[in-house]
Amino acid sequence: QLQLVESGGGLVRPGGSLRLSCAASGSTLDALDIGWFRQAPGKEREGVSCIDSRGSTMVSVDSGHGQFTISRDNAENTVYLHIDSLSAEDTAIYYCAGRPTKSLCTVKSSRYDYWGKGTKVTISS
């Protein structure tokens, strides 16, 4: 049974950067599209980035705050989300999710089958 585990969250000062990781156990990631999502307090979950199984298609939304860069290392069975220029508005729980690969990845949460439990990111001075 595939399990996804996020890590790398924490407390960061505004303007800082973070790299979040999404690691798989029980199966491999190399046949999955992976999406990153976040849910801020009192808000709905939103998609921020996705990458297809081969890393050839990547999408990152323009949040107007943090800048997202997604990458994957299938040999390490891990997908990464690098976030630069963090601001308080980026405070949220960040989740990764997986689905059997399609032609293009998507940041629509309803399209994903497997979810991690999230890692908390807090931006504060």
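Everything quoted here is computed from the prediction, not taken from an experiment. Numbers here are sequence positions counted from 1.
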Enquirer: Enumerate the residue pairs fulfilling ring-ring contact (aromatic ring centres under 6.0 Å, His included) with a member in residues 11-32, sequence neighbours excluded, ordered by first and then second residue.
Expert: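 Output for this query is empty, none listed.
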
Enquirer: Are the side chain of Thr119 and the backbone of Gly9 linked by a donor-acceptor contact shorter than 3.5 Å?
Expert: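 Confirmed, Thr119 side chain pairs with Gly9 backbone.
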
Enquirer: Can you pull the side-chain hydrogen bond (donor to acceptor under 3.5 Å, both in side chains) pairs that have at least one residue in residues 36-54, sequence neighbours excluded?
Expert: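 Qualifying pairs: Arg38-Glu46, Arg38-Asp90, Arg38-Tyr94, Ser49-Ser60, Asp52-Ser56, Asp52-Thr57, Ser53-Thr101.
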
Enquirer: Which is it for Asp33 and Lys102 under the side chain to side chain contact (heavy atoms under 4.5 Å, CB included) test, yes or no, and what are the steps along the way?
Expert: CA-CA 7 Å; Asp33 297 341; Lys102 309 291 185 185; 4.0 Å; yes

Enquirer: I'd like to know if Tyr80 and Ile51 are part of one continuous hydrophobic network [Ile/Leu/Val/Met/Phe/Trp/Tyr, side-chain heavy atoms within less than 4.5 Å].
Expert: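 Not linked; separate clusters.
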
Enquirer: Working to the nearest 0.5 angstrom, can you tell me the gap between Leu81 CG and Ser21 OG?
Expert: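 These two atoms lie 9.5 Å from each other.
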
Enquirer: Quick one: list whatever passes side-chain hydrogen bond (donor to acceptor under 3.5 Å, both in side chains) with Thr28, sequence neighbours left out.
Expert: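 Listed in chain order: Asp30.
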
Enquirer: Rounded to the nearest 0.5 Å, how far apart are SG of Cys22 and CG of Leu4?
Expert: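 Answer for the SG-CG pair, Cys22 versus Leu4, is 4.5 Å.
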
Enquirer: What pairs of residues pass the salt bridge (Lys or Arg N to Asp or Glu O under 4.0 Å) test when at least one of them lies in residues 105-125, not counting sequence neighbours?
Expert: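 Applying salt bridge (Lys or Arg N to Asp or Glu O under 4.0 Å) to every pair that reaches into residues 105-125, excluding sequence neighbours, yields nothing.
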
Enquirer: Please check: side-chain N/O of Arg13 versus main-chain N/O of Ser125, any donor-acceptor pairing under 3.5 Å?
Expert: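 Such a contact is found between Arg13 side chain and Ser125 backbone.
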
Enquirer: Going from CD1 on Ile34 to CG on Asn74, what distance comes out if it is rounded to the nearest 0.5 angstrom?
Expert: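 Rounded to the nearest 0.5 Å, the CD1-CG separation comes to 9.0 Å.
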
Enquirer: Assess whether side chain to side chain contact (heavy atoms under 4.5 Å, CB included) is satisfied between Val12 and Thr122, documenting all intermediate values.
Expert: CA-CA 6 Å; Val12 180; Thr122 303; over 6 Å; no

Enquirer: Same cluster or not: are Leu86 and Ile93 linked, directly or through other Ile, Leu, Val, Met, Phe, Trp or Tyr residues, by side-chain heavy atoms under 4.5 angstrom apart?
Expert: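 No; Ile93 is not reachable from Leu86 via cluster members.
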
Enquirer: Verify side chain to side chain contact (heavy atoms under 4.5 Å, CB included) between Val79 and Leu29, making sure each step is shown before the conclusion.
Expert: CA-CA 8 Å; Val79 173; Leu29 286 179; 4.0 Å; yes

Enquirer: Is there any ring-ring contact (aromatic ring centres under 6.0 Å, His included) pair reaching into residues 106-125, and which pairs are they, with sequence neighbours excluded?
Expert: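 Residue pairs with at least one partner in residues 106-125: Phe37-Tyr112, Phe37-Trp115.
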
Enquirer: I need the full list of salt bridge (Lys or Arg N to Asp or Glu O under 4.0 Å) pairs touching residues 69-89, with sequence neighbours left out, sorted by first then second residue.
Expert: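 For residues 69-89: none.
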
Enquirer: So, for Pro41 and Thr91, which heavy atoms are closest and what is the spacing to 0.1 Å?
Expert: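 What the structure gives for the nearest pair is CD-O, 4.0 Å.
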
Enquirer: Same cluster or not: are Val5 and Tyr95 linked, directly or through other Ile, Leu, Val, Met, Phe, Trp or Tyr residues, by side-chain heavy atoms under 4.5 angstrom apart?
Expert: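 Different clusters.
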
Enquirer: Calculate, to the nearest 0.5 Å, the distance between atoms OG and CD belonging to Ser27 and Gln1 respectively.
Expert: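 Here the rounded value is 9.0 Å.
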
Enquirer: Side chain to side chain contact (heavy atoms under 4.5 Å, CB included) for His82 and Ser17? Distances and angles first, verdict last.
Expert: CA-CA 7 Å; His82 194 96; Ser17 300; 4.1 Å; yes

